[in-house]
Amino acid sequence: MQHDSKDNETQIEILSHTIQVLQSELEAQKKVTKNALRFSIGVGIACFFFVALNLSILFTIAGGVAGNERKVQSLQEQLQHISK
């Protein structure tokens, strides 16, 4: 009878240790997931910033090109009036 009691106690200790190991592993996984989520949010914000920056640069360049195109057309028209 004592032998069964010792086996049960040993199994309980093994299960208790296994539960503690699994709990610590779960906590570690929670931390990793939390850090990954924070990193993802940070990268998302950075990407949004760079997209906005690129759009700003694109519109600035497009505006400059359009402005220069108008200047060239204006100068061509003036040149045509002068040469007539």
Side-chain angles (χ1 to χ4, degrees):
M1 198 75 162
Q2 271 186 332
H3 185 54
D4 288 339
S5 176
K6 269 193 165 178
D7 282 345
N8 286 341
E9 287 178 13
T10 304
Q11 287 179 350
I12 289 172
E13 287 177 13
I14 292 172
L15 287 174
S16 176
H17 178 70
T18 304
I19 288 172
Q20 288 175 352
V21 169
L22 290 174
Q23 282 178 336
S24 64
E25 188 176 325
L26 180 61
E27 289 301 317
Q29 289 297 325
K30 283 181 182 180
K31 287 180 183 178
V32 168
T33 303
K34 197 175 201 179
N35 288 337
L37 182 62
R38 286 181 182 165
F39 180 74
S40 297
I41 291 170
V43 169
I45 290 170
C47 287
F48 180 77
F49 170 75
F50 285 117
V51 166
L53 179 65
N54 285 336
L55 284 174
S56 174
I57 291 169
L58 177 68
F59 289 139
T60 302
I61 291 172
V65 169
N68 284 338
E69 181 70 25
R70 284 192 300 266
K71 286 180 186 177
V72 167
Q73 286 178 352
S74 173
L75 289 173
Q76 285 176 343
E77 289 174 5
Q78 288 177 4
L79 190 67
Q80 285 177 351
H81 288 307
I82 291 173
S83 55
K84 284 185 181 178

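Every heavy atom of this structure was used, including side-chain atoms; hydrogens, water molecules and symmetry mates were not. Starting from 1, each residue takes its place in the sequence as its number.
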To the nearest 0.5 Å, what is the distance between [atom1] ([X]) and [atom2] ([Y])?
{"X": "Glu69", "Y": "Gln73", "atom1": "CD", "atom2": "CD", "value": "5.0 Å"}
{"X": "Glu27", "Y": "Lys30", "atom1": "CD", "atom2": "NZ", "value": "4.5 Å"}
{"X": "Gln11", "Y": "Ile14", "atom1": "CD", "atom2": "CD1", "value": "7.0 Å"}
{"X": "Leu55", "Y": "Phe50", "atom1": "CG", "atom2": "CZ", "value": "13.5 Å"}
{"X": "Ile19", "Y": "Leu26", "atom1": "CD1", "atom2": "CG", "value": "12.5 Å"}
{"X": "Ser40", "Y": "Ile45", "atom1": "OG", "atom2": "CD1", "value": "11.0 Å"}

Check your understanding: Do Phe49 and Ile41 belong together in a cluster built from hydrophobic side chains that touch within less than 4.5 Å?
Key -> no
Exercise for review: Tell me whether Val51 is reachable from Val43 by hopping between hydrophobic residues (I, L, V, M, F, W, Y) whose side-chain heavy atoms are closer than 4.5 Å.
Suggested key: no
Check your understanding: How close do Val21 and Ser24 get, heavy atom to heavy atom, and via which atoms?
Key -> O-OG, 2.8 Å
Hey, is the main chain of [Y] close enough, under 3.5 Å, to the side chain of [X] for a donor-acceptor pair?
{"X": "Ser74", "Y": "Arg70", "result": "no"}
{"X": "Ser16", "Y": "Ile12", "result": "no"}
{"X": "Thr33", "Y": "Gln29", "result": "yes"}

Exercise for review: Just jot down the side-chain contact (heavy atoms from CB on, under 4.5 Å) partners of Ile82, sequence neighbours excluded, or say none.
Suggested key: none
